[in-house]
K.L.:
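This is the structure I want to talk about, given as structure tokens.
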Number of protein chains: 2
Amino acid sequence: MKDVAARAGVGLKTVSRVVNGEPGVTPETERRVQEAIDALGFRRNDSARVLRKGRTASIGLVLEDLADPFYGPLSRAVEEVARAHGALLINGSSAEDPDREQELALALCARRVDGLVVIPAGDDHRYLEPEIKAGVATVFVDRPAGRIDADVVLSDNFGGARDGVAHLIAHGHRRIGFIGDMPRIHTAAERLRGYRAAMEDAGIPVEDSWMSLGVTDPQRVRRAAEEMLTGPDPVTAIFAGNNRVTVTVVRVLAEQSRRVAFVGFDDIELADLLQPGVTVVAQDAAALGRTAAERLFRQLDGDLITPERIELPTRLITRGSGELPPTD
Amino acid sequence: MKDVAARAGVGLKTVSRVVNGEPGVTPETERRVQEAIDALGFRRNDSARVLRKGRTASIGLVLEDLADPFYGPLSRAVEEVARAHGALLINGSSAEDPDREQELALALCARRVDGLVVIPAGDDHRYLEPEIKAGVATVFVDRPAGRIDADVVLSDNFGGARDGVAHLIAHGHRRIGFIGDMPRIHTAAERLRGYRAAMEDAGIPVEDSWMSLGVTDPQRVRRAAEEMLTGPDPVTAIFAGNNRVTVTVVRVLAEQSRRVAFVGFDDIELADLLQPGVTVVAQDAAALGRTAAERLFRQLDGDLITPERIELPTRLITRGSGELPPTD
DNA sequence: CTGAAAGCGCTTACAG
DNA sequence: CTGAAAGCGCTTACAG
């Protein structure tokens, strides 16, 4: 910038004005400055700008896994809101590792993002307290923050799961299995709670062997499903705790000779084309992201004071698999 | 930092040393500095650091749409490589809009990312020349750069499509339709070229009505598929140019009374569970991302001189739909 | 082992 | 309409 000013024979401030399109420069001066910029290949350094201005016009997104189809639309929605506010998105995956989540979130804060949207992997976020105090806007999505008071946007995981299981019960099932993610993950715990509530509402005692929580890799889920289907008291229906579980359970069920009813949490692509079509409890990933990001920018605008918990409804989509009668 | 130094009764440099874990500080001094840091809630400002150091330890990723399942694994792979090199990922979607791609890429450069991985939407990237000259490492993925000489990592789109179509021909088809993305998109053009080559190799003259290129929204694709299936010379097989086209065509085919053979470019989830299973030409999205990112860091290490074009092979996965015989 | 000075590339507040 | 000075929060190069 100094070079540009020298070459154009003007002061630093004038170059700054031209670069930022501020008023108060004669066309002739502007032309000279522009010429010098082009000749020297000048590119404004936003790091310096940030240092001086305070705000960086960037927000951070810490999510679980960019490769999971559930997070694509969520993260795209956050991006669109950021874009509308002139901000860039810096993001990273925690891979469900609390340490990695913390490392990432703090690295983003050190880059002085204006705000942070976090899909938490851990359950203790006190490490963010100094950042929040220092003015970093923060919103949690999909899962609540742990041990700090913060904005959070969630799906109605409990209600959605309860409705899905109640749907199976309404179709005559009593022996219903639940396969979900690790219980320390909030969504997994809530959905299990929904399952239990629906069973209890119907007066059905739940056998331990009907519930299986753990990592959602295909091997573990496959074994869990097969055990439920072949035990002494085999289930006639399975409720899956998320999209990763669903794709594996649907595969296992396709191999069975008898028809087993199925409802999954999260919609999946092509669910309507399978035979039978896959009945799901759908959540709106884009709406989660959008709501969280809008909330973040409202924080940045100084609109809000008290952290809130916003819960978005889920939707039961019947396609066939959840309406199969029990076969025992 | 100044406050910390004052409170600890040391020089600025000593604080800097403690913060960065550099050697040459007595344990006692370090303790005093650490205490001041905690008391004051000091957080290092990486913007200032960047300004001084040159490198920002962040790379930019410009992709088409974060919500497209093809880009999730690609972008996750880029992230993992970045992480291994201690860099953060800043990204954004171009939404297939060349202006938006340019705006995003230049915004990332203004933030002084060390490098840029670009999935181009436009076909003229001369706007990046000054940045590249200024030292921003750049790699294009999935589609080549336009009008500049740069590293590019691609799938073998031509060969993959040719093999897929040849597979249909080998199963007795002659009237084969092609439905693809807009022809200005490199991958779409290459795959069409592969289709034409396979047909020509087999001595089959191609009717214009068998080819349909355009946006990949469900309405357009559905109409295109229906026209090919009901015209005077209806096709007995369809080749789909990408995953978005595949999901719609598979839906249309499920509604048909006669069996129409199908092969799609890009693998899709649950393709094996449909009836018939969906035969696809699969590309390795994660490998594309990984290869590109590794190439980027090699550029940053100063390893490379000449831009290269790296082409990754595709893989034909037969599952049933592509092996159906013609029914006419 | 420790620190004072200069400077990274901008913007802010002010004066002309 | 224009510019010189100070400063954002760090690091670098050097001296003690």
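What you see is a predicted model, and the numbers here were worked out from it, not measured in a lab. Each chain gets a letter, A, B and so on, in the order its sequence line appears, and its residues count up from 1.
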K.L.:
Would you name the heavy atoms of A:D181 and A:V215 that are closest together and state the gap between them?
P.N.:
OD1-CA, 4.4 Å

K.L.:
If I take atom CG in residue B:N45 and atom C1' in nucleotide C:dG9, what distance separates them, rounded to the nearest angstrom?
P.N.:
14 Å

K.L.:
Using a cut-off of 4.0 Å on non-hydrogen atoms, how would the nucleic acid contact of B:R43 be classed: base, sugar-phosphate, or nothing?
P.N.:
sugar-phosphate

K.L.:
Heavy atoms only, 4.0 Å cut-off, all strands: where does A:T29 land among base, sugar-phosphate and nothing?
P.N.:
sugar-phosphate

K.L.:
Between atom CZ in A:R31 and atom C1' in D:dT2, what is the gap in whole Å?
P.N.:
17 Å

K.L.:
Taking any heavy-atom pair under 4.0 Å as a contact, classify A:N20: base, sugar-phosphate, or nothing.
P.N.:
sugar-phosphate

K.L.:
Pick the nucleotide of DNA chain C nearest each of B:E30 and A:F42; which residue has the one closer to the 5' end?
P.N.:
B:E30

K.L.:
Between D:dC10, C:dT2, D:dC8, which nucleotide gets closest to the side-chain atoms of A:R52?
P.N.:
D:dC8

K.L.:
Nearest of D:dC10, D:dG9, C:dC8 to any side-chain atom of B:R44?
P.N.:
D:dC10

K.L.:
Residues of residues 4-13 of chain B with any non-hydrogen atom less than 4.0 angstrom from an atom of DNA chain C: list those, numerically ordered, please.
P.N.:
B:G9, B:V10, B:G11, B:K13

K.L.:
To the nearest 0.5 Å, what is the distance between CG (A:N91) and OG (B:S75)?
P.N.:
6.5 Å

K.L.:
Determine, for B:R43 against A:E131, whether the closest basic-nitrogen to carboxylate-oxygen distance falls under 4.0 angstrom.
P.N.:
yes

K.L.:
Indicate whether the side chain of B:S93 and that of A:E79 have a donor and an acceptor atom separated by less than 3.5 Å.
P.N.:
yes

K.L.:
What pattern of brackets, bars and dots sums up DNA chain C from 5' to 3', given Watson-Crick or G-U wobble pairs under 3.5 Å, [ ] for crossing pairs and | for another strand?
P.N.:
|||.||||||||.|||

K.L.:
Tell me whether A:E294 is salt-bridged to A:R298, with the criterion being a basic N under 4.0 Å from an acidic carboxylate O.
P.N.:
no

K.L.:
Charged N to carboxylate O under 4.0 angstrom, A:R244 versus A:E96?
P.N.:
no

K.L.:
Any chance the side chains of B:R44 and B:N20 put a donor and an acceptor closer than 3.5 Å?
P.N.:
yes

K.L.:
Rounding to an integer number of Å, can you tell me how far B:R112 CZ sits from C:dC8 C1'?
P.N.:
12 Å

K.L.:
Counting just side-chain N and O atoms, does B:S16 come under 4.0 Å of either OP1 or OP2 of D:dC10?
P.N.:
no

K.L.:
Could you check how far NZ of B:K2 sits from P of C:dA5, rounded to whole Å?
P.N.:
14 Å

K.L.:
So, is A:S47 near the phosphate of C:dG9, with a side-chain N or O under 4.0 Å from OP1 or OP2?
P.N.:
no

K.L.:
On DNA chain C, check which nucleotide each of B:L51 and B:G24 is closest to and give me the residue with the more 5' one.
P.N.:
B:G24

K.L.:
Between B:F140 and B:H125, how do the two ring planes meet: parallel, tilted or perpendicular, split at 30° and 60°?
P.N.:
perpendicular

K.L.:
Starting at atom CZ of A:R17, determine the distance to atom C1' of C:dA13, rounded to an integer number of angstrom.
P.N.:
12 Å

K.L.:
Take atom CZ of B:R111 and atom P of C:dG9, then tell me their distance rounded to the nearest Å.
P.N.:
18 Å

K.L.:
Under the criterion side-chain contact (heavy atoms from CB on, under 4.5 Å), which of A:L288, A:D142, A:V62 is the partner of A:I119?
P.N.:
A:D142

K.L.:
Take atom CG of A:D46 and atom C1' of C:dC8, then tell me their distance rounded to the nearest Å.
P.N.:
15 Å

K.L.:
Are any of A:T14's side-chain N or O atoms less than 4.0 Å away from OP1 or OP2 of D:dG3?
P.N.:
yes

K.L.:
Tell me: CZ of A:R55 to C1' of D:dG9, nearest whole Å?
P.N.:
20 Å

K.L.:
Closer than 4.0 angstrom, basic N to acidic O: yes or no for B:E101 and B:R143?
P.N.:
no

K.L.:
From the options D:dT2, C:dC10, D:dG9, select the nucleotide whose nearest atom is closest to the side chain of B:A48.
P.N.:
D:dG9

K.L.:
For D:dT12 and B:K53 - does any side-chain N or O of the residue sit under 4.0 Å from the phosphate oxygens OP1/OP2?
P.N.:
yes

